[in-house]
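To start, I am sharing the structure in question, which I have written as structure tokens.
Heavy-atom basis, side chains included; hydrogens, waters and symmetry copies ignored. Counting convention: from 1, in listed order, for ligands and their atoms alike.
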Amino acid sequence: MNTEKNDRARWLQGPSAQCAVLPVERDSPCRLVLLGAPGVGKGTQASLLAARLGACHLSTGDVFRAAGSRPDCEQTPAMRAAKDYMRLGALVPDTTVWEMVRERSGCLACGGGFILDGFPRTVAQAELLKAHMEQEKLSLTAVIDYELPLTEIVKRLSGRRTCKECKAVFHVINQPPKQEGVCDHCHGKLYQREDDRPESITVRLDAYNKSTAPLIAFYKNLGLLVAIPADGSPDEIFARTLAALKIAAV
Ligand code: AMP
């Protein structure tokens, strides 16, 4: 496995942040968008792909969560509003999301490539991304759609636990930590994300079906869509992803 690391400082903190470890520039950097309902394991696959490709894992949800954990006085009104949408499991408005991504557009032009996780989430966001990339003469390599039946998604989301410190993800049944409530990697406290609670899950899946599912047709029309079954272990799904992208496993 490739051990190159990137610290995503710019993506998580904003345009003025500098990454301490810059990704290695590539001749043909991989620029991927990952699609799939919440709970299909996009985040896990994004981390595996990032390590394999040396490209940054760019999650819009991570930016909103990081902003949400800062004191209220340090937040812009838009970020404060975003936090409220997020708490309910609803989508943050397109203008707020695009403002946040555009501020970080340096990450999209990075010579190391990128793996977008959780963005775009609506056709409007996809149109904005497409126009921006065309203007910057950048192109997407592929859009991966992870597919999983609804009943399986609900099981995965409600059992998910996340480390407060290193953000590692566990599952109470499928991937329990050695000690209940404690991260295997850094001994941080595990918690259930507010939007992984049953009342938010329904809202998130509804939002996905209404807003994000139409993206599948959008990217299919552009000839970029690659569908991957998301059942099985993370390693199995990863192997399918690499095979579909024609990337060697080692
Ligand atoms: P995620 O970690 O990708 O599941 O995102 C968590 C929450 O952040 C979502 O439920 C939304 O409230 C918000 N969010 C993240 N990315 C977007 C996006 N591209 N568009 C709208 N809302 C988003």
Side-chain angles (χ1 to χ4, degrees), residues 8 11-12 14 32-47 49-50 56-70 75-76 78-105 107-108 114-130 132-133 140 143-146 148 153-154 156-164 166-171 191-216 218-219 230:
R8 302 195 298 156
W11 181 253
L12 285 174
L32 302 174
V33 168
L34 306 192
L35 296 183
V40 295
K42 284 193 305 289
T44 306
Q45 294 305 313
S47 302
L49 282 163
C56 269
H57 169 191
L58 307 180
S59 149
T60 40
D62 277 354
V63 177
F64 290 132
R65 271 184 290 281
S69 58
R70 280 188 218 133
Q75 287 177 31
T76 61
M79 279 299 182
R80 226 171 286 150
K83 203 164 83 171
D84 292 337
Y85 286 100
M86 204 174 149
R87 191 174 301 129
L88 295 170
L91 290 186
V92 176
D94 290 334
T95 43
T96 310
V97 176
W98 179 244
E99 198 181 309
M100 188 276 274
V101 174
R102 205 188 31 156
E103 271 188 349
R104 292 161 172 77
S105 57
C107 293
L108 302 178
F114 60 73
I115 296 144
L116 277 173
D117 162 19
F119 176 87
R121 273 272 226 294
T122 63
V123 172
Q125 291 177 16
E127 300 270 19
L128 288 163
L129 176 67
K130 182 168 178 280
H132 173 82
M133 289 189 65
L140 284 177
V143 175
I144 302 176
D145 178 33
Y146 288 108
L148 197 67
I153 289 175
V154 174
R156 281 202 195 174
L157 280 178
S158 52
R160 182 157 76 173
R161 298 292 180 270
T162 308
C163 173
K164 265 200 184 324
C166 73
K167 316 286 175 232
V169 176
F170 297 83
H171 189 280
Y191 77 111
Q192 183 173 40
R193 270 169 44 175
E194 216 163 346
D195 57 354
D196 279 346
R197 294 177 201 277
E199 56 279 19
S200 304
I201 292 176
T202 333
V203 181
R204 288 168 73 199
L205 290 176
D206 247 21
Y208 179 79
N209 284 330
K210 280 203 201 87
S211 311
T212 313
L215 279 181
I216 292 166
F218 179 89
Y219 283 121

Derivation and outcome, side chain to side chain contact (heavy atoms under 4.5 Å, CB included), residues L129 and L116: CA-CA 11 Å; L129 176 67; L116 277 173; 4.0 Å; yes
Tell me, which protein residue and heavy-atom name are nearest atom 2 (O) of ligand 1, and how many Å apart are they?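 Protein heavy atom at minimum distance: R65 NH2, 2.9 Å.
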Can you pull out the closest protein heavy atom to atom 16 (N) of ligand 1? Residue, atom name and distance to 0.1 Å, please.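 Going atom by atom, the protein heavy atom closest to atom 16 (N) of ligand 1 ends up being T60 OG1, 2.7 Å.
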Polar contact flag for F119 and ligand 1 (N/O pairs, less than 3.5 Å):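 Between F119 and ligand 1, no N or O pair is found under 3.5 Å apart.
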Check whether any N or O atom of D117, backbone or side chain, sits under 3.5 Å from an N or O atom of ligand 1, and answer yes or no.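 The answer is no, given that D117 and ligand 1 share no N or O pair closer than 3.5 Å.
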I'd like to know if the side chain of W11 and the backbone of S59 have a donor-acceptor N/O pair within less than 3.5 Å.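 Here the side-chain-to-backbone pair exists.
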Lys/Arg N to Asp/Glu carboxylate O, D62 vs K167, below 4.0 Å: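 Salt bridge: no.
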Any idea which of K42, R193, K83, R121 brings a heavy atom closest to atom 9 (C) of ligand 1?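 Nearest option to atom 9 (C) of ligand 1, by heavy atoms: R121.
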G118 heavy atoms, cut-off 4.0 Å: which ligand 1 atoms fall inside?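 Answer, ordered by atom number: 16 (N), 17 (C), 18 (C), 19 (N).
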F218 atom CZ, neighbour heavy-atom count above 12 within 6.0 Å: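 Yes, the 6.0 Å shell around CZ holds more than 12 heavy atoms from other groups.
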When only distance counts, is D62 in polar contact with ligand 1, meaning an N/O pair under 3.5 Å?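 In this structure, D62 places no N or O atom under 3.5 Å from an N or O of ligand 1.
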Nitrogen or oxygen of R204 less than 3.5 angstrom from that of ligand 1: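 Yes.
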Can you tell me if S105 uses its side chain to pair, donor with acceptor, with the backbone of L108 under 3.5 Å?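 Here the side-chain-to-backbone pair does not exist.
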Are the charged groups of D196 and R161 less than 4.0 angstrom apart, N to O?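 Answer for the salt bridge query: no.
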What is the closest protein heavy atom to atom 8 (O) of ligand 1, and at what distance does it sit?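 Checking every protein heavy atom, the shortest distance to atom 8 (O) of ligand 1 gives M86 CG, 3.5 Å.
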Pick from G39, G43, A90, G61: the one approaching atom 11 (C) of ligand 1 most closely through a non-hydrogen atom: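 It is A90 that holds the nearest heavy atom.
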Is a side-chain donor or acceptor of R156 paired with a backbone partner of V40 at a separation under 3.5 angstrom?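 Looks like yes, one N/O pair under 3.5 Å.
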Closest approach of any protein heavy atom to atom 23 (C) of ligand 1, naming residue and atom: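 Sorting protein heavy atoms by distance from atom 23 (C) of ligand 1 puts F64 CE1, 4.0 Å first.
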Counting each atom of ligand 1 from 1 as listed, which ones have a heavy atom of V97 under 4.0 Å away?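 Taking each heavy atom of V97 in turn, ligand 1 has 18 (C), 19 (N), 20 (N), 21 (C) under 4.0 Å.
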Nearest-neighbour protein heavy atom for atom 20 (N) of ligand 1, which is reported as residue plus atom name and distance: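 Ranked first by proximity to atom 20 (N) of ligand 1 is Q125 NE2, 3.0 Å.
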Please check: side-chain N/O of K42 versus main-chain N/O of D117, any donor-acceptor pairing under 3.5 Å?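 Side chain of K42 to backbone of D117: no pair is present.
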Short question: side chain of R160, backbone of V169 - any donor-acceptor pair under 3.5 Å?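 Checking the backbone N and O of V169 against the side chain of R160, no donor-acceptor pair under 3.5 Å is found.
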With only distance considered, is V92 within less than 3.5 Å of ligand 1 through an N or O on each side?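 Indeed, backbone or side chain, V92 has an N or O that close.
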